[in-house]
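Below is one structure, written out as structure tokens, with a few remarks after it.
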Amino acid sequence: MGHERAHLASSRSALRAMREDVEALDISDVTGNWVNAKILAGEIEMRIKALADLAGTPLFFGRLDYLHAPNVEAAEGGEGESFYIGRRHVHDAGGDPMVIDWRAPVSQPFYRASRAEPMDVALRRRFGYTGGELTAYEDEHLTDATEEDRSSKLLQSEIERPRVGPMRDIVATIQPEQDEIVRAGVGGSVCVQGAPGTGKTAVGLHRVAYLLYAHRERLARTGTLVIGPNASFLQYIEQVLPALGELQVKQATVDDLVAHVEVRGTDSAATARLKGDARMAEVLRRAVRSGITMPKEPVVVVRGSRRWRVPAYELEEIVREMAGRDIRYGAARDALPQRIAHAVLVQMERSGEAPDDRVQDTVARNPAVKAAVKACWPPVDPAKTVLRLLSDPEFLASCADGLLSPEEQREVLWAKPARGPASAKWSAADAVLIDEATDLVQRTGSLGHVVLDEAQDLSPMQYRAVGRRCSTGSATILGDLAQGTTPWATASWAEALSHLGKPDARVEELTRGFRVPREVIAYASRLLPAIAPGLAPATSVRESPGALFVRPTAEDGLDAAVLAACRESLGYEGSIGLIAADPRIPALAAALDAAGLPYLSPGEETSATARLTLVPASLAKGLEYDYVVMDDPAAIVAAEPDERTGLRRLYVCLTRAVSGLTVLHAAPLPGALAEVG
């Protein structure tokens, strides 16, 4: 142990020296101008941040002792080497590695080696830490046939360690099936169907970190993005990538991506489902192109004493050709003047002139040409187009003919048309429609890689909005069909991936749970036949079964029972989540205030002095707490538009617990949860 602690101290010193070397850099003589100086200074600042030694975060968590030096064949007699595996690379003053980045190829056996396939590893050592101090280690001799197979107590304790603060990384506990997803190549997209507690979110974030390590230059140029379901979720996960040394990954919600207008209105579930239907893409395409008309008059271009005439039939051929091509409306409109100008230049050449590109550009800017383009291919404002579509029954009918029934058209029309885009009470679904229309006019920029979490909740039109952001890149799609809590939640990953534009994405399924205790996941899985009949229930590798209490109470005693359960849970170590139906939150907040129990809102970071979070059921997805107190499951189901969505919301809430779950109910429990056994 003394040797390992000494290596930890030396590694921390080496990391500090690496940081000091960067801080001491003088760039005054290496930049040609202030712009370059500012860019370089920014890169140095990011490098300094990446070299931070985070308090309480182990610098390395494992060690591999190879039988032979990596990349040296056994026949060559290469001696074995030892490597310490950690969150980032650390080297000494001579450049020799002291800690190897977990993403490096030489680190891979730490996650995948086994007795059946030792991958030339003689010993795998795991380290245990308390408050950042190395306190224990555990060895596996993978080539020793006499050593018994046993589960790792350090691995188990790390999984079960109480959760205080933001979401933690899982880099020390990644399992082989998770590692395969993390290290999948950047060229293809991966969809992860993950049951609660299987670590799918953490796997997705670690995949980003891996891809940035393996393809840094490419992704630095094209960009990466993590998309989460809400701001609270993004706050919860925002420290994972910095803990792995990655500071430049952007995060957003789908609503952030499509924020072309201010959202001030809401839709009924039926209206939102219809606006999110994939058929709306074709309705919008027709709406955007509805102003295209065939020319009736020729274009006459006057240059000096000469007049050049492009007849109407020739103009119509050009317009029809442009309309028939798979090209954005705006790009076609930009190209149209040049096409008309080219027709003029052909006439010039036939008459013996020799015009060049400058002449063509001049003709394209001619007032007669510009007027013809405006008449047959008018400019389109996406927001105004959607406004007209939702306000004008005749316009909607013409664009939706054969796509939406008259009843469906009435469903999406506004009851009271707005006077203009600024005064319209746009809904979240309307903003997605505007994003689609915007892309029809001008192509949306694509990133190199996008991680989409809680993907099962997106509508087809939302999938299209995300897919536009990675049309030339790859994606990692994370979700659980059983946790779909919107009325338009996807029925299958094949359908979702088709809307996303990634139909060939590989679908992986994670069913081994590491977070949710066995008793809790078994209790929640009673709902699966009703909410996702095709999915296998998750299994838990947790050796400690976890605490599960289901307590009926009188209706007038429910608040008091909830307060008592919260106090009981606060007697344990770790974070506590009080989860309730959204309409119940004000009453519970008042009860907590009256009882003098301080509480946080979702997304706020828990600490040793503030460990209780009051969580509306609608925001529980993706979060986790050591102990969960659930208020009245029937109310959670009743708060949703339909029973299936309500039961799925309940399934999500039941699976947020890491160590214990207490369910309190005044009303009868829903469905299978009421069954004994």
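Worth knowing before you read on, the calculation uses all heavy atoms, side chains too, and leaves out hydrogens, waters and symmetry mates.
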Test ring-ring contact (aromatic ring centres under 6.0 Å, His included) applied to Tyr463 - qualifying residues, sequence neighbours left out: none
Do you know the tightest heavy-atom contact between Leu478 and Gly204? CD1-CA, 3.8 Å
Of the options Val663, Leu647, Leu650, Val637, which is the one that meets Leu673 in a side chain to side chain contact (heavy atoms under 4.5 Å, CB included)? Leu650
Beyond-backbone contact of Leu458 with Thr490, side-chain heavy atoms, under 4.5 angstrom: no
Just by distance, with hydrogens left out, do Thr438 and Asp435 show a side-chain donor and acceptor under 3.5 Å apart? no
Would you say the side chain of Gln442 lies within less than 4.5 Å of the side chain of Arg328, judging by non-hydrogen atoms? no
Taking NZ, NE, NH1 and NH2 as the nitrogens, is one of them in Glu624 or Arg656 under 4.0 Å from a carboxylate oxygen of the other? no
Polar contact flag, side-chain donor to acceptor under 3.5 angstrom, Ser474-His449: yes
Under 3.5 Å, is there a donor-acceptor pair linking the side chains of Arg207 and Thr476? yes
Using 4.0 Å as the upper bound for N to carboxylate O, is an ion pair formed by Asp439 and Arg464? no
Would you call Lys621 and Asp457 a salt bridge, taking side-chain N to carboxylate O under 4.0 Å as the test? yes
Please determine if Arg551 forms a cation-pi arrangement with Phe549, meaning its NZ or CZ atom is less than 6.0 Å from the six-membered ring centre and no more than 45° off the ring axis. yes
Would you say Thr655 and Ile521 make side-chain contact, with heavy atoms under 4.5 Å? yes
Check against side chain to side chain contact (heavy atoms under 4.5 Å, CB included), Thr173 and Phe61: CA-CA 9 Å; Thr173 61; Phe61 48 80; over 6 Å; no
Here the pair of heavy atoms bringing Thr271 nearest to Ser268 is OG1-OG, 2.9 Å
Hey, does Met630 have a side-chain heavy atom less than 4.5 Å from the side chain of Pro633? yes
Would you say Asp504 and Ser189 are linked by a side-chain donor-acceptor pair, where the criterion is simply a distance under 3.5 Å? no
Derivation of the side chain to side chain contact (heavy atoms under 4.5 Å, CB included) call for Leu600 and Leu612: CA-CA 6 Å; Leu600 304 168; Leu612 174 63; over 6 Å; no
Flag the pair Glu411 and Arg273 as a salt bridge only when some basic side-chain nitrogen lies within less than 4.0 angstrom of an acidic carboxylate oxygen. no
Electrostatic pair Arg506-Glu508, nearest N-O below 4.0 angstrom: yes
Give the minimum heavy-atom separation between Val190 and Ala505, together with the two atoms involved. N-CB, 4.4 Å
Pair Lys200 + Asp453: basic N to acidic O under 4.0 Å: no
Minimum heavy-atom distance Leu510-Val203, with the two atoms named: CD1-CG2, 4.5 Å
Quick one: ring-ring contact (aromatic ring centres under 6.0 Å, His included) partners of Trp414, sequence neighbours excluded? Trp426
Using a 4.5 Å cut-off on heavy atoms from C-beta on, say whether the side chain of Pro196 contacts that of Asp480. yes
Who pairs with Cys399 by side-chain contact (heavy atoms from CB on, under 4.5 Å), at least two apart in sequence or on another chain? Val283, Arg286, Ala287, Leu389, Phe395
Quick one, Ile181 and His206 - any side-chain contact, counting heavy atoms below 4.5 Å? no
side-chain contact (heavy atoms from CB on, under 4.5 Å) involving Ala580 - partner list, sequence neighbours excluded: Arg584, Ile585, Leu588, Asp631
Contacts under 3.5 angstrom, residues 225-233 side chains, donor-acceptor by atom type, not counting sequence neighbours:
from: Asn230; atom 1: OD1; to: Ser232; atom 2: N; distance (Å): 3.3
from: Asn230; atom 1: OD1; to: Phe233; atom 2: N; distance (Å): 2.7
from: Ser232; atom 1: OG; to: Pro602; atom 2: O; distance (Å): 3.2

Given side chain to side chain contact (heavy atoms under 4.5 Å, CB included), test Tyr625 with Arg611 step by step and report yes or no. CA-CA 9 Å; Tyr625 302 93; Arg611 298 188 290 124; over 6 Å; no
Quick one: are Lys425 and Thr266 in side-chain contact, heavy atoms under 4.5 Å? no
Kindly indicate, with the supporting measurements, whether the criterion side chain to side chain contact (heavy atoms under 4.5 Å, CB included) is fulfilled by Leu578 and Tyr599. CA-CA 9 Å; Leu578 169 55; Tyr599 60 90; over 6 Å; no
Please determine whether a side-chain nitrogen of the Lys or Arg among Glu436 and Arg285 lies less than 4.0 Å from a carboxylate oxygen of the Asp or Glu. no
Could I get the full list of ring-ring contact (aromatic ring centres under 6.0 Å, His included) partners for Tyr572, not counting sequence neighbours? Tyr627
Do you know which of Glu509, Gln456, Gln193 makes side-chain hydrogen bond (donor to acceptor under 3.5 Å, both in side chains) with Trp493? Gln193
Taking all atoms of both residues into account, what is the closest heavy-atom pair of His260 and Ala431, and its distance? CD2-O, 4.2 Å
Check whether any side-chain heavy atom of Lys275 lies under 4.5 Å from a side-chain heavy atom of Ser427, and answer yes or no. yes
